[in-house]
There are 2 protein chains.
Amino acid sequence: MDRAGNIEGIFRDLRRVVHALELYSKDVNARFGLTAPQLWALWELGRDGPLALGALAQALQLHPSTMVGVVDRLEDKGLALREPDPADGRRIRIGLTLKGRALLKQAPHPAQGRLVHGLQAMSDRRVVEIQRALGTLVRVMEAEDLDAQFFFSET
Amino acid sequence: MDRAGNIEGIFRDLRRVVHALELYSKDVNARFGLTAPQLWALWELGRDGPLALGALAQALQLHPSTMVGVVDRLEDKGLALREPDPADGRRIRIGLTLKGRALLKQAPHPAQGRLVHGLQAMSDRRVVEIQRALGTLVRVMEAEDLDAQFFFSET
DNA sequence: CTCCAATCATTTGTGGTCAAATAAATGTGA
DNA sequence: TCACATTTATTTGACCACAAATGATTGGAG
């Protein structure tokens, strides 16, 4: 197995992982009525109390304009609530409703579910290896240095 | 670093990898006027000649209804073309236009960018480790998907 | 040959994501 | 004080992704 083949394989596997994550989100939605971002936001709100929209977006690593829609849907479901921030007229405070708090007690942790079962069944060594590999990927992909566009040799 | 922390970290890193992939798609779009799925579809069409919509969706691991929009946009840009399949009235044949073929010659490989740059700069051992870890992840995640499908198809 | 199930592309609806533009409120410097 | 840049949330527009429903076509069973 040559190097180009390895890199090709990494890309293919990444796409498959992304795909599986999306299906997992749909599955969570079907079982709990919440998509993965919605559940994650709910969990974050339950942890850090009322948050401004920007702070919540930051916590979830999402664009603020993306966050608006997610919060809208949580509000539509009666799980979260927007309130004006008395200290700063620009800000809002997003908090959980009683219903949201109740649901949070029953819902799975965002990083939980059948997917985690597979990881839990692995040896510690395996888990650490995956974590280290992903950490390397994140570092590489989030590296700021650009350029270097045209030097991939295809077979 | 405990085990739960490792699994937490894996999820966090997965989200960041997904995020980076999305930004990469936007970046490709800004540079070449093509999003990652569009570029990938173009590349696949240039490889395997005219394809039916379903076959193309299969090649990209996308839902057929998703593929429709991507092909629409490629057609709007004059890069691809739908033709009725003379042998089967239900099927269409999606092919590249001359313009599409010309663009494909200049466009980067779909699996290009920051990530490839980083991977190429790594040691072989590192690349193999990443590949193996992702392979394990894919097996676990796709196995869970199969379980879910089996579980939900029992009615 | 006819009826009917399977296949294929598409449409519709929901949701996620970003960037860019907008509006309101805040804070700051002259 | 007042003009102006900054911050914050939102809207708009484009794209991606899926599931479910639809319409047309095909192919097989009787």
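By convention in this document, chain letters (A, B, ...) are assigned in the order of the sequence lines, proteins followed by strands, and residues within each chain are numbered from 1. Everything numeric in this text was worked out from a predicted model, so none of it was measured.
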Candidate list A/Val17, A/Val18, A/Val138, test side-chain contact (heavy atoms from CB on, under 4.5 Å), partner B/Val17, passing option: A/Val138

Report all side-chain donor-acceptor pairs from residues 54-69 of chain A shorter than 3.5 Å, counting only partners two or more places apart or in another chain.
unit_1  : atom_1 : unit_2  : atom_2 : d
A/His63 : ND1    : A/Ser65 : N      : 3.3
A/His63 : ND1    : A/Ser65 : OG     : 2.9

Check the pair B/Arg132, B/Glu129 against salt bridge (charged side-chain N to carboxylate O under 4.0 Å, His left out), reporting the backbone distance first and the verdict last. CA-CA 5 Å; B/Arg132 204 164 47 142; B/Glu129 183 187 67; 5.9 Å; no

Pairwise side-chain contact, A/Gln38 with A/Thr35, heavy-atom cut-off 4.5 Å (strictly under): yes

Within a strict 4.5 Å, meaning less than it, do heavy atoms of the A/Leu21 and B/Arg15 side chains meet? no

Taking five pairs at each end, how big is the angle between the two axes of the helix from C/dC1-D/dG30 to C/dA30-D/dT1, to 10°? 0°

I need the CG-P distance between B/Leu56 and C/dC8, as an integer number of Å. 14 Å

Between B/Asp88 (CG) and C/dA9 (C1'), how many Å, whole number? 11 Å

Each nucleotide in nucleotides 14-24 of chain C should get exactly one letter: B, S or -. Can you fill that in based on protein heavy atoms under 4.0 Å? -SSSBBB----

Linking I/L/V/M/F/W/Y whenever any side-chain heavy atoms sit under 4.5 Å apart, do B/Val71 and B/Leu81 land together? no

Residue pair A/Asp13 / B/Gln131: nearest heavy atoms and the distance that separates them: OD2-O, 4.2 Å

Where do B/Leu14 and B/Leu137 come nearest, in terms of heavy atoms and distance? CD2-CD2, 4.1 Å

Donor-acceptor contacts under 3.5 Å from residues 92-99 of chain A side chains, at least two apart:
unit_1  : atom_1 : unit_2   : atom_2 : d
A/Thr97 : OG1    : A/Gly78  : O      : 2.6
A/Thr97 : OG1    : A/Leu79  : O      : 3.1
A/Thr97 : OG1    : A/Lys99  : N      : 3.4
A/Thr97 : OG1    : A/Gly100 : N      : 3.0
A/Lys99 : NZ     : A/Lys77  : O      : 3.1

Can you list every pair that meets salt bridge (Lys or Arg N to Asp or Glu O under 4.0 Å) and has a residue in residues 64-73 of chain B, with sequence neighbours left out? B/Asp72-B/Arg82

So the contacted stretch of DNA chain D, first to last nucleotide with an atom under 4.0 Å from a non-hydrogen atom of chain B, runs from D/dC15 to D/dT26

